[in-house]
Protein chains: 2
Amino acid sequence: MKKLEEIVAKLSNVMVQMEDTAKDQFNLSNLTHTQMNYLETIHMLGNPNITELANILKLSKPTVKVAIDKFIEKDFVFKVQSDEDRRSAHLHLTEKGKLINQMHDFAHKRIAESFKGKLNDHETQTLIELLNKVLCK
Amino acid sequence: MKKLEEIVAKLSNVMVQMEDTAKDQFNLSNLTHTQMNYLETIHMLGNPNITELANILKLSKPTVKVAIDKFIEKDFVFKVQSDEDRRSAHLHLTEKGKLINQMHDFAHKRIAESFKGKLNDHETQTLIELLNKVLCK
DNA sequence: TGATTTAGTTAGTAATTACTAACTATATTT
DNA sequence: AAATATAGTTAGTAATTACTAACTAAATCA
């Protein structure tokens with residue numbers, strides 16, 4: 001029987017590979033890792049402005065501005081002027097921009113299905129319970 | 001009770017976060033994702049030459065050559081001329097270059113320990129058995 | 001109301017990452 | 001032995017990613 005840390009290493013491998021495959025299947029191979037990270041962070045923060053996004057990513061505002069301009073040009077992101085503060089604009093993902101999150105969901109679903117395919121119902125239930133326990137704070 | 005794919009999503013999050021933390025602790029924050037990938041691939045292939053590395057990474061030879069030159073300058077990699085074919089050189093990781101793999105091992109160990117801390121011995125054993133089952137081919 | 005802060009932008013610069021075309025030197029094929 | 005193929009390199013180019021300094025316009029503080 002293997003040690004848990006070896007299994008974690010293998011698990012990490014499987015997940016990275018599945019994400020890569022999903023990225024190909026969603027025709028997102030043209031996006032760099034950095035660009036994916038921008039779109040994921042915008043999704044995570046839920047329509048941040050440029051200043052908030054720059055703070056979270058620990059990048060300068062001009063850097064983020066340039067990146068966002070390119071996303072807008074490529075129709076991954078659009079801006080909505082704020083009513084409360086007319087200096088500020090909220091960043092939104094377009095349908096195309098949301099693909100990134102759908103891609104993640106797809107990869108996770110595929111992994112879950114692969115796991116279920118190798119266990120019976122009782123074992124699956126036990127795995128869910130144990131993982132739920134180790135992942136809670 | 002949550003669905004397995006939601007748990008997989010959470011698992012993915014936890015692993016990415018732990019790798020990021022480990023990267024900071026190993027003082028590797030100055031390396032880009034692309035650079036990490038080079039060093040991981042050299043480790044995985046075990047002293048490839050530039051042509052092999054370029055093929056696996058699906059990059060041109062000049063691109064890989066330039067990247068390797070920078071790694072050599074920064075003392076992450078060194079070259080060993082081949083005896084069989086004097087045109088060719090094998091790429092080796094220096095101690096500094098091997099840090100990347102130690103960093104991964106460290107992250108996996110930390111995750112495994114965190115999991116063990118939340119389960120009793122019997123549950124840990126069951127988790128190991130179930131994950132072993134889902135991760136085998 | 002005037003001074004200061006904040007959100008975003010513009011301009012100029014630099015490192016990284018990637019490419020193709022053309023080259024040298026060694027190895028293999030005919 | 002000559003022709004071809006392979007390993008690596010050099011040079012020139014381009015997109016991406018990041019920075020600082022300096023700016024405009026709007027909001028807030030004193």
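A, B, ... follow the sequence lines: proteins, then strands. Residue 1 opens every chain. Model, not experiment: these values are computed from the prediction.
Atom pair L53(A):CG and dT9(C):P shows a separation of 12 Å (rounding to whole Å applied). Taking atom CG of N55(B) as the reference point, atom P of dT6(D) lies 11 Å away to the nearest angstrom. Atom CD in E84(A) sits about 13 Å away from atom C1' in dA27(D), given to the nearest Å. When rounded to the nearest whole Å, the span between CG of L57(B) and C1' of dC19(C) equals 15 Å. For the pair N30(A) CG and dA18(C) P, the computed distance is 14 Å after rounding to whole Å. If you measure from atom CD1 of I68(A) to atom P of dT10(C), you get 15 Å, rounded to the nearest angstrom. If you measure from atom CG of D69(A) to atom P of dT10(C), you get 7 Å, rounded to the nearest angstrom. Straight-line distance from the CG atom of L39(B) to the P atom of dT17(C): 11 Å, rounded to whole Å.
Atoms CD1 and CZ, from I68(A) and F78(A) in turn, are 12.5 Å apart once rounded to the nearest 0.5 Å. From I42(B), atom CD1 reaches atom CD1 of I56(B) across 12.5 Å, with rounding to the nearest 0.5 Å.
In this structure, S60(B) does not reach the dT20(C) phosphate: none of its side-chain N or O atoms is under 4.0 Å from OP1 or OP2. For the OP1/OP2 pair of dG8(C) and a distance below 4.0 Å, the side-chain nitrogens and oxygens of S88(A) include at least one atom meeting the criterion. OP1 or OP2 of dA7(D) has not a single side-chain nitrogen or oxygen of Q81(B) nearer than 4.0 Å. Put simply, T63(A) has a side-chain N or O that comes within less than 4.0 Å of OP1 or OP2 on dC19(D). For the OP1/OP2 pair of dA18(D) and a distance below 4.0 Å, the side-chain nitrogens and oxygens of K70(A) include no atom meeting the criterion. Within the 4.0 Å cut-off from OP1 or OP2 of dT17(C), at least one side-chain nitrogen or oxygen of T32(B) is found. For the OP1/OP2 pair of dA18(D) and a distance below 4.0 Å, the side-chain nitrogens and oxygens of Y38(A) include at least one atom meeting the criterion.
When side chains are defined from C-beta on, I72(A) counts as touching K79(A), because their heavy atoms get closer than 4.5 Å. With a 4.5 Å cut-off on side-chain heavy atoms, K118(A) and E123(A) do not count as touching.
Here the side chain of E19(B) pairs no donor or acceptor atom with the backbone of V16(B) at under 3.5 angstrom. In this structure, K10(B) contributes its side chain and N132(A) its backbone to no donor-acceptor pair below 3.5 Å.
Contact of K61(A) with dG8(C) (side chain to base): a donor-acceptor pair of N or O atoms is detected under 3.5 Å.
Listed nucleotides: dT10(D), dT6(D), dC19(D). Nearest to the side chain of R87(B): dT6(D). The side chain of K65(A) lies closest to dT10(C), out of dC19(C), dT10(C), dG8(D). Comparing atom distances between the T51(A) side chain and each of dT9(D), dA7(C), dT17(D) picks out dA7(C) as nearest. Counting only heavy atoms from C-beta on, D85(A) has its side chain closest to dA7(C) among dT9(C), dA7(C), dA18(D). Checking dC19(D), dA7(D), dT16(C) against every side-chain atom of K74(B), the shortest atom distance belongs to dT16(C). Comparing atom distances between the R86(A) side chain and each of dA7(D), dA26(D), dT20(C) picks out dA26(D) as nearest. Across dT16(D), dA11(C), dT20(C), the shortest atom-to-atom separation from the side chain of Q35(A) is found for dT16(D).
Within the nucleic acid shown, A67(A) has no heavy atom closer than 4.0 Å to any nucleic acid atom.
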